[in-house]
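Proteins come first, then strands; the chains are lettered A, B, ... in the order of their sequence lines, and each starts at number 1.
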Amino acid sequence: MSGKYEEMERKWQKRWSDAGLCLSDRSDAPKFMLIFAYPGVTGYLHVGHMRGYTYADAIGRYMRSLGMNVLFPVGTHATGNGAISLAKRIAERDPATVEYMLDNGCPPEKLEELGDPMAVVEFFNGVYRDDYWRRFGFLSDWRRFTCTLYPDYSKFMQWQFRKLMDAGLLIQKPYYAPACPSCGPVAVDPSETDISKGGNAETNEYTLLKFACGDLFLVAATLRPETVYGQVCFWVNPDVEYAKIRKGGEVWVVSEPAVGKLVQQMDGIERIGTVRGRDLIGKMCSAPMAGRDIPVFPAGFCDPDVGTGLVTSVPSDSPDDIVSLMALKADPGYAAGFGISEEMLESVVPISIIKMEGYGELPALDIVTSMGIKEPGDPKLEEAKKTLYRDGFHAGVMKDVCGEYAGMRVSDAKDAMRDAMIASGDAEIFRDLSEEVVCRCGKPVHIKRIDDQWFINYADEALTARADANASTMKISPPEYANNVHGVLSWFRERACARLGNWLGTRFPFDERWIIEAISDSTLYPLYYTVSHHANEGRITPDQMTEAFFDHVFLGRGDRGAVSEETGVPAALLGEMAEDARYWYPLDLNIGGKEHMTVHFPAFMFNHAAIVPDRMLPRGIMVNWYITGKSGKISKSKGGAQPIPGAAGKFGVDGMRLYYAHIASPFADVEWDEDAVMSYAQRLDRILAFVGELAGMSGPGKPIDGWLLSRMSTHNSAARAAMEGYDVRQLAMAAYFDAYSDLRWYVRRGGRDPGTIREAMRTWITMMMPITPHMAEEMWEAAGFDGLVSAALLPEPSGHSPAAEYGESLVRDVISDISKISRMIGSGSGKVSLFTYQSWKGDVVRKALSMMGPEGVPIPDLTKECMADPEMRKMGKAVPDYVRAVATDLRRLPASVVEAKVAADEYAILVEAAGFIGSELGCEVSVMPADDPAAREASGGKHVQAVPGRPAIVIS
RNA sequence: GCCGAAGUAGCCAAGCCUGGUCAAAGGCGAGAGACUCAAGAUCUCUUCCCGCAGGGGUUCACCGGUUCGAAUCCGGUCUUCGGCACCA
């Protein structure tokens with residue numbers, strides 16, 4: 001099975017290449033430039049990724065068939081530490097990694113070379129380019145391939161950042177980032193590119209509350225600073241040894257793990273000793289803002305790894321606290337062991353502080369009661385906390401006991417109270433990850449303060465306005481995203497754009513310690529593709545790519561001679577490149593997966609808006625959703641569910657391309673389904689065989705020829721209209737389903753005219769070329785056309801004939817009605833007699849059409865008008881009855897549809913088709929005009945049932 | 001929580017913006033027939049329910065509204081999914 005298609009595919013790919021279809025150069029023709037957002041090379045891709053890439057190639061090919069000069073460059077993104085860690089794991093012969101590489105088709109001997117990060121990048125560049133994109137028959141200009149780690153690309157990137165600096169969009173300020181102690185800042189996200197554990201962790205912003213206790217401060221971390229008025233006691237884990245640290249002039253008590261986190265975020269912290277948790281219990285401490293002294297109680301749930309390992313207790317609104325307090329009170333003996341008297345224990349009672357809809361005085365008590373939570377450590381506490389917080393945050397209101405915050409909504413009070421406590425020195429901010437995060441290198445990741453972090457200021461108002469205006473003029477699909485993108489642009493704020501640490505990427509031009517971050521270095525790059533081949537082919541070197549060079553080539557600045565002088569690039573070549581950029585830009589279409597909607601696409605728009613002039617602003621964005629696995633996303637990191645070359649061998653590239661194009665709207669996730677892919681592949685085989693049959697046919701011309709040409713013209717127009725909005729699926733529908741089934745009908749109907757067939761096939765095969773180019777070439781050849789269909793133009797729609805299409809639909813309706821009747825009456829398929837409508841009915845319809853106003857047909861007027869005709873008057877009350885029917889029809893159907901019914905010569909159509917209808921149904925068919933007196937006789941009176949578009953049928 | 005998207009016949013999936021030709025495309029699956037030594041290949045027909053003359057009935061998450069007319073417009077309810085920022 002494997003390899004069934006491969007040889008054929010390679011043959012055509014070579015022919016395309018030989019014909020120069022992969023060389024996109026400036027010409028006089030209108031241009032179309034498109035890209036897909038290049039992928040990161042952090043491993044093998046899976047079959048799902050080919051979906052969006054296939055849309056791109058199909059759209060590019062379609063634009064070629066309209067005569068456009070198309071540029072469709074590809075590249076890869078390798079910034080980051082993905083390649084570093086993969087190379088490291090390969091070098092260490094990590095078993096899972098080796099298995100992953102081999103399973104995906106990496107030759108075992110190749111592993112030897114992949115201990116070096118750049119070797120890994122180059123290896124995958126080859127895989128992506130050759131095993132994925134070339135293998136799929138993409139007509140890309142391979143000379144222009146680029147990668148974010150190439151030296152010339154870096155020069156471009158540094159130029160981009162200089163332009164951002166010139167525009168005043170680079171700023172520095174402190175930033176809190178997840179960071180590894182040895183690798184520097186890392187990305188914490190579910191794809192776990194940088195980390196080996198904890199991709200779902202979130203950064204929580206805790207408020208550190210300081211409780212004076214003798215000469216110490218017990219420091220609790222809370223996510224709910226608005227509850228301080230409800231503090232009634234303080235929790236310390238008796239079995240934990242806490243650290244004492246000096247902070248400014250104070251001595252703080254926090255857990256040991258918290259010290260390590262705090263030093264990354266605060267200056268001047270010095271660890272000076274320890275204190276046992278149990279030694280603190282039973283003391284009193286002073287609760288901030290609440291202004292009361294509260295006792296320190298023991299609690300096992302205080303986890304030294306969470307926050308500071310010390311917890312303030314608000315039993316009114318914290319399920320944990322209420323449960324622990326009740327447990328403590330239920331066991332006075334335990335408390336006594338810590339020197340806590342029963343009086344002290346009983347003096348601690350919850351204070352109601354927040355009024356919440358659906359809850360009583362003590363919301364926490366209500367929820368633990370209703371959820372049946374009885375003891376500390378119950379796993380349901382997590383959910384209880386979430387529910388309570390959600391219900392209270394928006395709807396809750398602070399009660400009178402909360403001083404100046406009484407009456408405030410919880411959501412407002414939270415920030416106000418936190419800020420007030422920070423201002424008074426009672427509190428500080430502390431950020432911590434919600435779960436354990438481990439770097440790829442094995443070290444724990446924590447939040448680190450970076451004082452001089454560089455940002456791109458996407459919050460800049462002028463920039464946002466410019467990007468927003470551009471977005472309004474762009475062709476963006478789906479339309480939901482076109483609406484949404486404005487919100488995304490205004491929601492975008494400053495974005496960290498460079499990082500420190502062991503990373504592959506471009507050096508930040510204003511400070512070599514920094515490396516430009518992975519999203520920021522891939523926003524303006526389509527512009528670079530317009531000249532990248534000059535660098536790839538050695539006509540210019542990275543050294544020559546100075547600021548003046550790019551300013552001149554891309555922005556038309558500076559004197560050409562002077563730039564040539566400075567860079568050593570010949571003036572003629574500079575001119576070439578400037579022309580290239582001017583010709584190809586703006587980018588017409590950028591296609592990317594839905595994950596780009598809130599990250600890459602807005603950054604792409606912003607950076608263009610910041611740097612290039614209006615005439616170079618991008619024109620289109622298309623978002624595609626995913627192909628998923630049976631259980632969620634097909635995972636790249638979990639090892640390819642289905643290596644792409646293997647799938648291509650099994651189904652054929654075109655079977656897969658058709659699957660992507662047609663299985664569903666691009667704007668919906670689809671589950672990968674091998675049976676469906678196989679069935680598309682078989683459909684292509686079938687179509688190819690059918691093309692062979694068609695090519696060998698000959699026979700006389702018939703009325704059905706006109707019908708076929710009209711249908712093809714209709715499909716051609718429909719496909720063109722759909723592709724205006726890049727709707728590849730509609731194109732597939734028109735070509736592989738609608739046109740195919742019409743051609744089958746044509747043959748079934750006895751059509752054999754070689755001229756008609758050839759004309760139809762020229763359009764048909766060209767319509768298939770964008771989606772299934774290899775098979776289309778096979779068909780093109782089988783049909784006897786010269787040259788390559790990949791280079792052919794889609795014929796203009798012509799030969800559209802509504803009358804021909806109507807006539808054939810009448811025949812099909814009649815066949816359908818006859819077969820339905822015969823099925824109903826069971827057996828009797830003998831003779832079928834058809835009676836066309838009485839001519840006066842046609843007159844009624846024509847009169848109705850002429851009298852139709854905006855309110856429809858005036859029934860009384862029309863009736864009067866008809867009854868004035870002496871011939872019609874003879875028909876009696878059949879006339880007003882029919883007038884009503886016509887009026888109803890005209891309200892439901894467009895006038896043109898009704899008009900077609902009376903314009904057609906039904907009798908002639910049915911007489912011509914009688915033989916065919918008879919052979920289809922296995923019966924004898926006769927046709928009679930209802931006006932014929934003999935027909936009246938023969939129909940037994942049934943002829944009166946006939947109306948335009950629906951002859952009377954009598955089966956005998 | 002915030003923002004966004006979606007719920008259509010056995011399954012997948014069009015249609016919804018621009019209300020009527022919608023019992024609702026197409027594919028898959030299933031059934032019948034044809035062709036064949038045969039077939040998982042191909043072709044034809046059927047596939048919500050009822051009906052011995054082309055018909056009728058009840059449907060497009062649920063409830064209500066607008067309209068001569070709603071899968072399509074409006075309001076509400078329930079459910080599912082995605083994004084929420086140094087992952088392209």
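Comparing B:A23 with B:A9, their C1' atoms sit 9 Å apart, to the nearest whole Å. Atom C1' of B:G27 sits at a distance of 14 Å from the matching atom of B:U47, rounded to the whole Å. With P as the reference atom, B:U8 and B:U72 are 14 Å apart, rounded to whole Å. Taking the C1' atoms as reference points, B:A41 lies 15 Å from B:C37, given to the whole Å. Look at the P atom in both B:C62 and B:A70: the space between them is 15 Å, to the nearest Å. Across B:A34 and B:C22, the matching C1' atoms stand 32 Å from one another, rounded to whole Å. Nucleotides B:G19 and B:U77 are separated by 24 Å at their C1' atoms, to the nearest Å. Of the C1' atoms belonging to B:C60 and B:A25, the separation is 14 Å, rounded to the nearest Å.
A donor atom on one side chain and an acceptor atom on the other are found under 3.5 Å apart for A:Tyr736 and A:Thr772. Defined by atom type and a distance below 3.5 Å, a donor-acceptor pair is missing between the side-chain atoms of A:Glu517 and A:Thr79. Side chains of A:Tyr626 and A:Glu595: a donor-acceptor N/O pair is present below 3.5 angstrom, by distance only. With hydrogens and angles left out, the side-chain atoms of A:Tyr458 and A:Asn607 include a donor and acceptor closer than 3.5 Å.
The distance from atom CE of A:Met597 to atom C1' of B:A88 is 14 Å, rounded to the nearest whole Å. If you measure from atom NZ of A:Lys414 to atom C1' of B:G1, you get 11 Å, rounded to the nearest angstrom. Look at CG on A:Leu149: it is 13 Å from P on B:A88, rounded to the nearest Å. Separating the CG atom of A:Leu743 from the P atom of B:C43 is a distance of 13 Å, rounded to the nearest angstrom. Atoms CD (A:Gln682) and P (B:C43) sit 10 Å apart, rounded to a whole Å. A:Ile591 places its CD1 atom 16 Å from the C1' atom of B:A88, with the value rounded to the nearest Å. For the pair A:His486 NE2 and B:C3 C1', the computed distance is 15 Å after rounding to whole Å. A:Asn624 has its CG atom 14 Å from the C1' atom of B:G82, to the nearest Å.
Contact annotation for A:Arg493: base contact, defined as any heavy-atom pair under 4.0 Å involving a base atom. Heavy atoms of A:Tyr38 sit under 4.0 angstrom from primed sugar atoms or phosphate atoms, though from no base atom. No engagement by A:His600 is indicated, since no non-hydrogen atom pair under 4.0 Å with the nucleic acid exists. Across all strands, A:Glu595 comes closer than 4.0 Å to base atoms (heavy-atom distances). Contact annotation for A:Trp625: no contact, since no heavy-atom pair falls under 4.0 Å across all strands. Backbone-only contact: A:Tyr740 has heavy atoms under 4.0 Å from sugar-phosphate atoms and none from a base.
Ion pairing between A:Asp451 and A:Lys173 fails under the 4.0 Å rule for side-chain N and carboxylate O.
The aromatic rings of A:Phe508 and A:Trp454 sit tilted relative to each other, their planes meeting at an angle between 30° and 60°. Note: A:Tyr659 and A:Tyr680 have perpendicular aromatic rings, judged against thresholds of 30 and 60 degrees for the angle between ring planes. Note on ring orientation: taking the six-membered ring where Trp is involved, the planes of A:His49 and A:His46 are tilted (angle from 30° to 60°). Relative ring orientation between A:Tyr132 and A:Tyr128 is described as tilted, the plane-to-plane angle lying within the 30° to 60° band. Taking the six-membered ring where tryptophan is involved, the planes of A:Tyr38 and A:His77 are tilted, since the angle between them lies from 30° to 60°. Classification of the A:Tyr525-A:Tyr153 ring pair by plane angle, with boundaries at 30° and 60°, yields tilted.
For the pair A:Arg812 and A:Trp745, the cation-pi test (distance below 6.0 Å, angle within 45°) is passed.
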Nucleotides 17-30 of chain B: protein proximity per nucleotide (B base, S sugar-phosphate only, - neither; heavy atom, under 4.0 Å): ---BB---BSSS--
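Looking at which nucleotide of RNA chain B each of A:Arg499 and A:Gln730 is closest to, the 5′-most match is held by A:Gln730.
Interatomic distance, CD1 of A:Ile171 versus CG of A:Asn457, reported as 4.0 Å (0.5 Å rounding).
Within the structure, a side-chain polar atom (N or O) of A:Ser665 is placed less than 4.0 Å from OP1 or OP2 of B:A14.
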Scan nucleotides 53-55 of chain B against the protein and return all N/O pairs shorter than 3.5 Å with their distances rounded to 0.1 Å.
residue	atom	partner	partner atom	Å
B:A53	N6	A:Ile955	O	2.8
B:A53	N1	A:Ile953	O	3.4
B:A53	N1	A:Ile955	N	3.2
B:G54	O2'	A:Asp817	OD1	3.0
B:G54	O2'	A:Arg950	NH2	3.1
B:G54	O6	A:Gln945	OE1	2.6
B:G54	N1	A:Pro951	O	3.2
B:G54	N2	A:Asp817	OD2	3.0
B:G54	N2	A:Pro951	O	3.1
B:G54	N3	A:Asp817	OD2	3.3
B:G55	OP1	A:Arg950	NH1	3.1
B:G55	OP1	A:Arg950	NH2	2.7

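With a 3.5 Å limit on both pairing distances and Watson-Crick or G-U wobble geometry required, the stems of 3 or more pairs in RNA chain B span B:1-7 with B:78-84, B:10-12 with B:26-28, B:29-34 with B:42-47, B:48-50 with B:55-57, B:61-65 with B:73-77.
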